[in-house]
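Values below: all heavy atoms of this structure, side chains included; hydrogens, waters and symmetry mates excluded.
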Amino acid sequence: MAVHAPAARPKAVREPEPRPRRRSTGGYWVFLLPSAVLFTAVILVPFLMNIGISFTRWQGIGDPRWLGIDNYTRLFADERFWASFRNNVALIVAMAIVPTVVGLVLAATLFDYVGKKFGPRTASTLRAAYYLPQVLPIAIAGIVWGWIMHPRYGALNAFLGLFGAEPRSWLGDPGWALPSVMLIMVWFQIGYPVVIFMAGLQRVDPALYEAAEMDGASWWRRFWHITIPQIRPEIYVVLLTCTIAALKVFGPIFVLTRGGPGGATLVPSYFSYQNFFEKANVGYGAAIATVLTLVIIAVTVFFLRIQDNEDGQS
C-alpha cells in the first residue's frame with residue numbers, strides 16, 4: 001500500500017505594509033496668510049523703507065538726496081551715538097539682568113516657602129503686587145516717579161531729609177539721572193520675571209523638592225540644584241525679552257528725562273527720535289534706527305543659539 005506524503009502547506013504570502021500617507025501641509029498656509037500679510041505691511045515694508053531712507057539726506061518733505069553710506073560713516077564717528085549705547089548697556093543691567101536674578105529669587109521664595117507656609121492665596125497676592133507696575137501705563141508711572149524724585153517737593157528727598165540728607169535733583173543731576181532711571185526700571189520690570197518663573201515652577205515635579213527636603217537640603221541648595229535647572233527655558237525667555245525691551249526702551253526716557261541732562265540718559269531709540277522729529281534729520285535718524293534693529297536681531301539670534309545648544313546637550 002502506497003503511503004502518500006502529506007501535502008506541503010502553501011507558504012503564507014506576507015502582504016506588504018501600507019506606506020504611511022504623507023500629510024499634506026498645504027492647508028496650514030491659509031492660516032498663516034493673515035499674519036504674513038500683517039508682518040509684511042507693518043514690519044517688513046517699513047523696515048526696508050527705513051533702510052532706503054538711511055542712505056539719503058531728507059527733512060521729511062521734498063525729495064530725499066542720495067548720500068550713500070555718509071550717514072553711517074557719520075554715525076560711527078558720533079560720540080553721542082556711542083554714549084547712548086553705553087547708557088543702553090546700563091539699562092540692560094537694570095531691565096534684564098537685575099530683574100531676572102531678583103525675580104528668580106522672589107518667585108522661588110513665593111513658590112517654595114510663602115506658598116507652603118502661608119498658603120497659595122498669599123503667594124498669589126504678592127505675585128500680583130509685584131506685577132502691578134507692568135499694568136500701569138508708562139506715562140502715568142513716569143509722572144508719579146517724577147513727583148517722587150522732584151528736588152523741591154519730592155517724597156524721596158522728604159524721606160531722606162528725616163535722616164539729615166541734603167535734597168538732591170535725582171533726575172536733573174548728570175551723575176544721578178541714569179542710576180535713578182535704572183532704579184525706576186528695576187521697579188517697573190521686576191513683576192514680569194516673577195510671573196513667568198512662578199508659572200514655570202508649576203510644571204516642576206513636587207517630588208523633587210520633597211525628596212531634597214527629606215535629604216536635608218537647605219532652601220538655597222534646592223533653589224540652586226532644582227529650581228534653576230528645571231526652569232532654564234523660562235530664564236532664557238525672560239532674559240531675551242527683557243534685553244530686547246531694554247534695547248528699544250523709549251517711553252520711560254521720554255517721560256522722565258528726555259535724554260537729559262546733557263545726554264546722561266540718552267539711548268539710541270530716543271536719539272533716533274530726536275533726529276527724526278526734533279532736528280528733521282530723517283536720514284540720520286533712519287540710520288540710527290537701522291543699526292539698532294540689526295543689534296536687536298543679532299542679540300536675538302545669539303540667545304536662540306545658546307538655548308539650542310543647551311537643549312542639544314540636555
Asks: Rounded at 0.5 Å granularity, tell me how far OH in Tyr209 sits from CD1 in Ile226.
Replies: 6.0 Å

Asks: Same cluster or not: are Ile51 and Met49 linked, directly or through other Ile, Leu, Val, Met, Phe, Trp or Tyr residues, by side-chain heavy atoms under 4.5 angstrom apart?
Replies: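 Per the 4.5 Å side-chain linkage, Ile51 and Met49 are not co-clustered.
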
Asks: Look at the rings of Trp219 and Phe223 and say which category their plane angle falls in: under 30° parallel, 30 to 60° tilted, over 60° perpendicular.
Replies: parallel

Asks: Just verifying a value: how many Å separate Glu234 CD and Leu104 CG, rounded to the nearest 0.5 Å?
Replies: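 It comes to 10.5 Å.
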
Asks: Will you find, in the side chains of Thr265 and Asn87, an N or O donor that is under 3.5 Å from an N or O acceptor?
Replies: no

Asks: Measure the shortest side-chain to side-chain distance between Val105 and Val102 over non-hydrogen atoms and say whether it is less than 4.5 angstrom.
Replies: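 With C-beta onward as the side chain, the pair stays apart.
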
Asks: Under 6.0 Å between ring centres: does that hold for Tyr273 and Phe276?
Replies: no

Asks: Please check if the side chain of Arg57 supplies one atom and the backbone of Asn71 the other of a donor-acceptor pair under 3.5 Å.
Replies: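 No; zero donor-acceptor contacts below 3.5 Å.
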
Asks: Above 12 or not: heavy atoms from other molecules or residues under 6.0 Å from OH of Tyr113?
Replies: no

Asks: Answer yes or no: is there a side-chain heavy-atom contact under 4.5 Å between Pro268 and Val291?
Replies: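 A side-chain contact under 4.5 Å is absent here.
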
Asks: Tyr72 vs Phe55 aromatic rings, parallel, tilted or perpendicular, using cut-offs 30° and 60°?
Replies: tilted

Asks: Examine distances only and state if a side-chain atom of Ser269 and a backbone atom of Val249 form a donor-acceptor pair shorter than 3.5 Å.
Replies: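 Here the side-chain-to-backbone pair exists.
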
Asks: Do NZ/NE/NH1/NH2 and the carboxylate oxygens of Asp112 and Lys116 come within less than 4.0 Å?
Replies: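 Answer for the salt bridge query: yes.
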
Asks: A side-chain contact here means heavy atoms from C-beta on lying under 4.5 Å apart; do Trp187 and Pro133 qualify?
Replies: yes

Asks: What's the separation between atom CD1 in Ile190 and atom CG in Leu132, rounded to the nearest 0.5 Å?
Replies: 14.0 Å

Asks: Considering only Ile, Leu, Val, Met, Phe, Trp and Tyr, and joining two whenever side-chain heavy atoms are under 4.5 Å apart, list the other residues clustered with Tyr131.
Replies: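 In the cluster with Tyr131 are Val135, Val195.
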
Asks: Taking atom CD of Glu166 as the centre, report whether more than 12 heavy atoms of other residues, nucleotides or ligands fall under 6.0 Å from it.
Replies: no

Asks: Same cluster or not: Val101 versus Ile228, using hydrophobic residues (I, L, V, M, F, W, Y) connected whenever any side-chain heavy atoms lie under 4.5 Å apart?
Replies: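 Hydrophobic grouping puts Val101 apart from Ile228.
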
Asks: Quick one: pull up CZ in Phe303 and OH in Tyr236 and give me the separation to the nearest 0.5 Å.
Replies: 9.0 Å

Asks: If you draw the axis of the six-membered ring of Trp170, does the NZ or CZ of Arg168 fall within 45° of it and under 6.0 Å from the ring centre?
Replies: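 Yes; both conditions hold, so Arg168 lies above the ring face of Trp170.
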
Asks: Enter the distance from His225:NE2 to Leu208:CG here, rounded to the nearest 0.5 Å.
Replies: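 Spacing of NE2 (His225) from CG (Leu208) equals 13.5 Å.
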
Asks: With a 4.5 Å heavy-atom cut-off, do Tyr192 and Cys242 have their side chains touching?
Replies: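 Tyr192 reaches Cys242 side chain to side chain.
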
Asks: How close do Gly172 and Pro261 get, heavy atom to heavy atom, and via which atoms?
Replies: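 Of all heavy-atom pairs spanning Gly172 and Pro261, the closest is O-CG, 3.3 Å.
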
Asks: Checking the side chain of Asp215 only, and the main-chain atoms of Ala217 only, is there a donor and an acceptor separated by less than 3.5 Å?
Replies: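 Side chain of Asp215 to backbone of Ala217, a donor-acceptor pair under 3.5 Å: no, none is there.
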
Asks: Can you measure from CG (Leu178) to CG (Leu171) and round to the nearest 0.5 angstrom?
Replies: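 Spacing of CG (Leu178) from CG (Leu171) equals 11.0 Å.
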
Asks: Between Phe254 and Phe250, how do the two ring planes meet: parallel, tilted or perpendicular, split at 30° and 60°?
Replies: parallel

Asks: Do the ring planes of Phe163 and Phe159 sit parallel (below 30°), tilted (30 to 60°) or perpendicular (above 60°)?
Replies: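 Answer is perpendicular, since the angle exceeds 60°.
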
Asks: Applying side-chain contact (heavy atoms from CB on, under 4.5 Å), can you list everything that pairs with Ala246, at least two apart in sequence or on another chain?
Replies: Ile92, Met95

Asks: Looking at Ala264 and Pro174, what are the two nearest heavy atoms and their distance?
Replies: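 Ala264 and Pro174 have their closest heavy atoms at CB-O, 3.7 Å.
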
Asks: Please tell me whether Val299 and Ile296 are part of a single hydrophobic cluster in this structure, the criterion being side-chain heavy atoms less than 4.5 Å apart.
Replies: yes

Asks: Applying a strict under-4.5 Å side-chain criterion to I, L, V, M, F, W and Y, I'd like to know whether Val42 and Phe39 cluster together.
Replies: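 Yes; tracing contacts between hydrophobic side chains, which count when under 4.5 Å, links both residues.
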
Asks: Take Leu91 and Met182 through the side chain to side chain contact (heavy atoms under 4.5 Å, CB included) test and state the conclusion after the steps.
Replies: CA-CA 6 Å; Leu91 288 177; Met182 291 173 65; 4.1 Å; yes

Asks: Identify whether Leu247 and Trp82 are in the same connected component of the hydrophobic contact network (ILVMFWY, side-chain heavy atoms under 4.5 Å).
Replies: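 Linked within one cluster.
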
Asks: Not counting sequence neighbours, which residues clear ring pair (Phe, Tyr, Trp, His ring centres under 6.0 Å) with Trp58? List them please.
Replies: none

